[in-house]
Structure formats: C-alpha cells, structure tokens
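Naming convention: chains lettered A, B, ... in sequence-line order (proteins, then strands); numbering from 1 in each chain.
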2 protein chains.
Amino acid sequence: MRADARKNYSHILAVARDVVAEHGADASMRDIARRAGVGLATLLRHFPTREALFEALLRTNLDALTEKAGELETSSSPDEALVSWFREMVAFVQSYSGVVALMASAHEDPDSALYATCAAVHSAGARLLLRAQTEGTARADLDGVELFGLMSALGWLVGQPGFAPREDHLFHVMTSAILTNRPCTDIKKAA
Amino acid sequence: MRADARKNYSHILAVARDVVAEHGADASMRDIARRAGVGLATLLRHFPTREALFEALLRTNLDALTEKAGELETSSSPDEALVSWFREMVAFVQSYSGVVALMASAHEDPDSALYATCAAVHSAGARLLLRAQTEGTARADLDGVELFGLMSALGWLVGQPGFAPREDHLFHVMTSAILTNRPCTDIKKAA
DNA sequence: CCATTATACGGATCACTGATCCATTTGTCA
DNA sequence: TGACAAATGGATCAGTGATCCGTATAATGG
C-alpha cells in the first residue's frame, strides 16, 4: 500500500470512530468522508461496505474484550470475573449502537471479516462462563452464544431511549438470571 | 374524509401490514405504495411519516395485548398469566422487527401518537406483574417499564440472525429472572 | 340530472443515501 | 528526471423519503 493511502486509511478510521460514536451505526458514509477530508470514493475503496468499516473499527475493541476475559480468568473469582466482563460487554454494545446486529450476522457467516473476532469473543466468554458453572455459581444450561446474546440484548435495551437510567438495575436483574448465588438479592421472599 | 380516501386508507394499512411482516420495519414506503396500487404521495399524505404508519399499524395489536392482559388476570394464576403474556409480547416484538425502538421513544414523548397506547400496555403489564409480586412469585424490584424492557430485549434478541432457534430456552432464562418460584429449574444447584 | 367546488390523487421533482466509473493527480522507483 | 503504477475524488447512477402542483373525481347545490 502506498504511503498516502496508508495515512488516509488510518485517518479515516480515526474519524469514523468519532462519527460513529456521535451518530451511531447508521452514520452517513459521505459524512465520514467529508469529515476525514477525503472523497466518498476513497472511503469506499478502503472500506467497500459499511460492514467492512465497522469490522476494522470493532476489531480492536473486540480483541481488547477477549484479552480482558483472559485477565479476569486469573485475577478474579469465577462469578466476579463473569459479572465484570458482562458489564464491559454491555457497555461496549451500548456505546456502538446498532453494532450487535452486525456481530450477530457476522457470527452466522463464516466468510464475514468479523467472523474470527466474534468467535474469539464468544469462546472467551464461554470460558468465563464455564469456570463459574464448574464452581456452581452460574446456571449450567447456558452456553457462550447465549451469554453473548443476553449481553447484547441488555446492551441494546439500555441504548434505547428511556432505559439508560435503569441500566444498573437491569444489569442486576440480568446477572441474577445467569448467576445462581445472588438470586434476587433485594426481593421480599415468599415463605 | 371522502369515500375513496377512506377506502385507500384501509387498503394501504392492510398492505402495509403484509409488507412490514415481510420486510421488517424499514420496508420501502414506495414499495408499500406500489403494492397498494397508489402513488407514493397518497401513502405519504395518509401517513406523513413512517412512525405515523406504524402507529396506525401497531395500535390494534397493542390494544389486543392490553386486552389479553386483562383476560389473563382473571383466567390464570398470577405467574402463569405473567408468563403467557410475556410470551405474547415477545412474539409481537419479534414479528414487527424494529418496532420496539419506536415504542420506547413513543413512551418518552407524551406528544407521540403512540403514547397512550404504550402507556396502556405498560400499565396492563404492570398489573400482571403486581399480582404475581403480591403472591410472591415475581421479584419485587421490578416495575412495568422494566418488564416491558425485558420483553422488548428478548424480542429483539430472538429477532437477530442466529438466535431464533434458541428462543424457547432464552425465554425460559428470562422468565426465571423475573419469577422467583421457578428459579433455574434445570440447573445443578450449588449447596 | 348537470354544474360547481372542494378534495384526493399521483407523476414529476428535490435532496439525500451508498455505490461505481474514470480522468486526473501523486507517490515511487529506476 | 522520467515513466509507470497506484490512489484520488468529482461525476454519475439507482435507490430512498418528502414535497409540489396540475389533473381527476367524489360530494353537493341548483
């Protein structure tokens, strides 16, 4: 790749990160190109589709999440690790609104550029889950994909207008569905 | 309203219901108009925005759900009623993909055409929830909005590619987060 | 039953989107 | 410096939702 092309590539990616953070996953490609100071054609040659752009955009974040899962695996108790990672995943999904759908379809399509990255995230989560399940603190009838799904769903929900203020509580409800040792802490028990 | 206009209104609505069921919430307005045999301008005069069209489309479904909640309130046990209604809500959200976001924003905006309808659904769900909470079979720290949110999130999730086959299981996980008397039925309990 | 009038209709058009083409510019290397 | 491949971006295309306005028609009064 020529030097100027490489520079544009990085610059576009940086600008795209800002614009997407501002306008969500359906930001205008023209807008991104304009703000990057390049023509639309240039943007679209570097990233032929919207998915390709997101792929590049998300790869670093997803890799970081995968790595984070590995760290938590050794630094925290199984259920604490799972909850911490869950929280980070939710925050991630929420911050790039509209991105989960992309990841879900990427996970279904082995040819997708995001496929490997998604699979890594899934299996990283699955390992954290398995560790908690072995200890008996997570419900046994879950797998990594479902864990990912629940995280995505929560991230999606708290990204919807009106639900952001309830994020902490909804997070608590959702984790108590996954973990077995913190069942409904603040609930008036019957019997 | 003139007779032909009224006829067009109903016809467009019926066609829109089909098209949306086929192509989801971002179906082309031109497409709907074409299939209804009217000009795009006519469609857009009857329903100035996409939201206006969905408003009309969803009102009947939502009213039906509200009514259903009332029926269940007298015909089933509190937790059975809640679960049944939960299931219907999830199916509804899933069938009209992309619609929840619309309802969420409608619920935030008192001027929205869907506001009253949404509020009715929320309070109908809240009543079912309260009944189960009084009996002690639903966790007490939930309100109608959160119940609606969890239903929406699940509906959204099972509408994503790859998660549809897991609908039943995810439904089970989610309900066990809400109910207290069926905590993780198929799980190896710790201690 | 016909003439008038208000109403509804829809083709044409606009601004916008992502995608593609290709003449021009620019980096690179001999 | 010269030549060539590579990268660029303006122009253009089909698609979207929205708007305008001349035309067709339903409703109404004579």
(request) Starting from the 5' end of DNA chain C, give me the residue, A:A27 or A:A41, whose nearest nucleotide shows up first. (result)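 The residue closer to the strand's 5' end, by nearest nucleotide, is A:A27.
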
(message) For A:M29 and B:G37, find the nucleotide of DNA chain C closest to each by heavy atoms; which residue's nucleotide sits nearer the 5' end?
(response) B:G37

(request) Please identify each residue that fulfils ring pair (Phe, Tyr, Trp, His ring centres under 6.0 Å) with A:W156, with sequence neighbours left out. (result) B:W156

(request) Please list, chain by chain and in numerical order, all residues satisfying ring pair (Phe, Tyr, Trp, His ring centres under 6.0 Å) with A:F163, sequence neighbours excluded. (result) none

(message) Applying side chain to side chain donor-acceptor pair (under 3.5 Å) as the test, list every pair that has at least one member in residues 5-16 of chain A; sequence neighbours left out.
(response)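 Listed once each, the pairs would be none.
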
(request) Any pair with a residue in residues 14-30 of chain A that passes side chain to side chain donor-acceptor pair (under 3.5 Å), sequence neighbours left out, goes on the list, sorted by first then second residue, please. (result)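 The answer is A:R17-A:T60, A:R17-A:N61, A:R17-A:Y96, A:E22-A:R35.
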
Between [X] ([atom1]) and [N] ([atom2]), how many Å, whole number?
| X | N | atom1 | atom2 | result |
| --- | --- | --- | --- | --- |
| A:R30 | D:dG9 | CZ | P | 14 Å |
| A:H11 | D:dG9 | NE2 | P | 11 Å |
| A:D26 | D:dT16 | CG | C1' | 14 Å |

(message) At under 4.0 Å between heavy atoms, how does the protein contact nucleotides 24-30 of chain D? Give one character per nucleotide, 5' to 3', with B, S or -.
(response) -BSS---

(message) Restricting to salt bridge (charged side-chain N to carboxylate O under 4.0 Å, His left out), what partner residues turn up for A:E88, sequence neighbours left out?
(response)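 A:E88: salt bridge (charged side-chain N to carboxylate O under 4.0 Å, His left out) contacts with A:K68.
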
(message) Using the salt bridge (charged side-chain N to carboxylate O under 4.0 Å, His left out) criterion, which residues pair with A:E146? Sequence neighbours excluded.
(response)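 Result, salt bridge (charged side-chain N to carboxylate O under 4.0 Å, His left out) vs A:E146: B:R166.
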
(request) Check DNA chain C against residues 44-54 of chain A and give the residues with a non-hydrogen atom under 4.0 Å, in numerical order. (result)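 Correct list: A:L44, A:P48, A:R50.
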
(request) Taking atom CD of B:E71 as the centre, report whether more than 12 heavy atoms of other residues, nucleotides or ligands fall under 6.0 Å from it. (result)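 Correct, the count exceeds 12.
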
(message) Can you pull out every ring pair (Phe, Tyr, Trp, His ring centres under 6.0 Å) where at least one residue sits in residues 53-88 of chain A? Sequence neighbours excluded, please.
(response)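 Qualifying pairs: A:F86-A:F171.
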
(request) Among residues two or more places apart or on two chains, list those pairs meeting ring pair (Phe, Tyr, Trp, His ring centres under 6.0 Å) that have a residue in residues 121-146 of chain A. (result) A:H107-A:H122, A:H122-A:F148

(request) Would you grab the first and last nucleotide of DNA chain C (5' to 3') that comes under 4.0 Å of any non-hydrogen atom in chain A? (result)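 Nucleotide range in contact with chain A: C:dT17 to C:dT28.
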
(request) Any salt bridge (Lys or Arg N to Asp or Glu O under 4.0 Å) involving residues 39-58 of chain B? Give me the pairs, sequence neighbours left out, ordered by first then second residue. (result) B:E55-B:R59

(message) Whether A:R131 and A:E73 form a salt bridge (side-chain N of Lys/Arg under 4.0 Å from carboxylate O of Asp/Glu) is what I want to check.
(response)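 Salt bridge: no.
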
(message) What's B:A5 touching, base or sugar-phosphate or nothing? Going by heavy atoms closer than 4.0 Å.
(response) sugar-phosphate

(message) Please tell me if A:T42 has a side-chain N or O lying less than 4.0 Å from either OP1 or OP2 of D:dA7.
(response) no

(message) Which is more 5' along DNA chain D, the nucleotide nearest B:S28 or the one nearest A:Y9? Just name the residue.
(response) A:Y9

